[in-house]
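The structure under discussion appears below in the form of structure tokens.
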Amino acid sequence: MTIATLATERGITLAAHDDATVEHVEESIGLGVHISEFPTTIVAAESATRHGLRVVMGAPNIARGGSQSGNVAASDLLERGLLHILSSDYVPASPLQAVFQLAAEGSLDLVAGAKLVSGNPARAVGFDDRGEIAVNKRADLVRVRPHSSSPTPRHPRGVDVPVVRGVYRAGTRVS
């Protein structure tokens with residue numbers, strides 16, 4: 001019995017990592033994968049989406065303006081409707097930063113951005129009790145205030161930088 005089979009039997013959501021081709025995606029699907037984490041090409045992201053997999057990219061990829069290793073840019077997938085989830089990818093503040101950056105660039109509004117880092121990831125792993133502000137949901141919230149930064153060559157009008165002002169877990173302030 002494979003690890004993938006054992007995980008699936010226990011209701012654990014599986015993710016594939018760094019799929020590059022249609023064949024890679026099909027192999028992942030055969031193993032019971034539901035999430036395509038960091039596909040390296042548009043072709044792989046298109047195939048994953050066509051098969052109903054949720055595509056995850058790292059928020060630092062958005063903040064940096066592309067992949068540090070030369071793979072497909074998260075913004076390219078977002079433009080094509082192939083990006084469903086943004087992860088921290090080892091930079092804890094990056095999802096919030098990426099959402100504000102995308103909103104400032106006009107790529108999406110803050111509500112759509114919040115779905116990339118809250119509701120979509122929660123649903124992808126079966127957590128239906130969180131990820132949105134609604135009756136009978138957990139009320140895990142982050143209160144944020146935008147702080148306007150000075151203009152730079154990359155952002156001549158400056159950007160709003162998110163500053164966390166409070167964190168709530170199940171409706172109780174924890175920070």
Side-chain angles (χ1 to χ4, degrees), residues 15-21 24-25 35-50 53-125 127 130-134 137-169 173-175:
H17 186 75
D18 285 354
D19 286 339
T21 66
H24 290 159
V25 172
I35 297 172
S36 176
E37 182 187 39
F38 308 151
T40 62
T41 64
I42 290 172
V43 169
E46 287 173 335
S47 179
T49 299
R50 237 186 349 268
L53 276 63
R54 302 291 85 195
V55 174
V56 177
M57 294 295 279
N61 186 307
I62 295 287
R64 190 175 32 253
S67 168
Q68 68 178 6
S69 58
N71 294 328
V72 66
S75 59
D76 289 343
L77 298 185
L78 180 65
E79 287 173 13
R80 290 172 168 81
L82 302 172
L83 176 61
H84 310 106
I85 299 169
L86 282 173
S87 71
S88 66
D89 196 17
Y90 304 107
V91 184
S94 66
L96 192 55
Q97 291 169 337
V99 166
F100 271 71
Q101 182 175 323
L102 289 168
E105 294 169 355
S107 299
L108 45 72
D109 61 28
L110 287 176
V111 172
K115 289 179 183 177
L116 291 175
V117 299
S118 60
N120 293 353
R123 280 189 299 285
V125 296
F127 291 156
R130 62 197 80 192
E132 64 182 318
I133 300 171
K137 301 291 181 172
R138 283 178 48 103
D140 294 341
L141 303 167
V142 177
R143 187 169 54 90
V144 178
R145 179 181 307 269
H147 171 75
S148 297
S149 70
S150 300
T152 65
R154 183 170 175 205
H155 301 285
R157 294 185 311 232
V159 294
D160 284 341
V161 177
V163 177
V164 175
R165 306 299 292 175
V167 178
Y168 300 80
R169 182 176 181 270
R173 186 170 181 164
V174 295
S175 173

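- Nearest heavy-atom pair, T49 versus H84, reported as atom, atom and distance to 0.1 Å: OG1-CE1, 3.4 Å.
- Residue R80 holds its CZ atom at 9.5 Å from OG of S75, rounded to the nearest 0.5 Å.
- Between E37 atom CD and L53 atom CG the span is 12.0 Å, to the nearest 0.5 Å.
- The line from OG1 of T40 to CG of N71 is 5.0 Å long, rounded to the nearest 0.5 Å.
- Listed for the Q97 side chain is no donor-acceptor partner under 3.5 Å among the backbone atoms of A63.
- When all heavy atoms of P60 and D89 are compared, the closest pair comes out as CD-CB, 3.9 Å.
- Screening N61, N120, V56, L102 for a side-chain contact (heavy atoms from CB on, under 4.5 Å) with L86, the sole residue that qualifies is L102.
- Between the R143 side chain and the R165 main chain, a donor and an acceptor come within less than 3.5 Å of each other.
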With side chain to side chain contact (heavy atoms under 4.5 Å, CB included) as the criterion, how do F38 and S67 come out once you've worked through the C-alpha distance, each side chain's angles and the decisive distance to 0.1 Å? CA-CA 10 Å; F38 308 151; S67 168; over 6 Å; no
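- A donor-acceptor contact shorter than 3.5 Å links the side chain of T41 to the backbone of A20.
- Minimum interatomic distance between A74 and L83 (heavy atoms only, all atoms of both residues): O-CD2, 3.8 Å.
- Contact record, V72 with P39: CG1-O, 3.4 Å, taken as the closest heavy-atom pair.
- Side-chain atoms of S94 come within 3.5 Å of backbone atoms of S88 as a donor-acceptor pair (strictly under, hydrogens ignored).
- Taking each heavy atom of I133 and L141 in turn, the nearest pair found is CG1-CD2, 3.6 Å.
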Evaluate the criterion side chain to side chain contact (heavy atoms under 4.5 Å, CB included) for residue pair R138 and R169; output intermediate values, then yes/no. CA-CA 7 Å; R138 283 178 48 103; R169 182 176 181 270; 3.6 Å; yes
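- Note: D19 CG to S47 OG = 8.5 Å, rounded to the nearest 0.5 Å.
- Summarising the geometry, atom CD belonging to Q101 is positioned 11.0 Å from atom CG belonging to L108; distances are rounded to the nearest 0.5 Å.
- In plain terms, the two heavy atoms of P95 and V117 that are nearest each other are CB-CG1, 3.5 Å.
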Stepwise side chain to side chain contact (heavy atoms under 4.5 Å, CB included) test for V99 and L110: CA-CA 7 Å; V99 166; L110 287 176; 3.8 Å; yes
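- With values rounded to the nearest 0.5 angstrom, I62 atom CD1 is found 8.0 Å from M57 atom CE.
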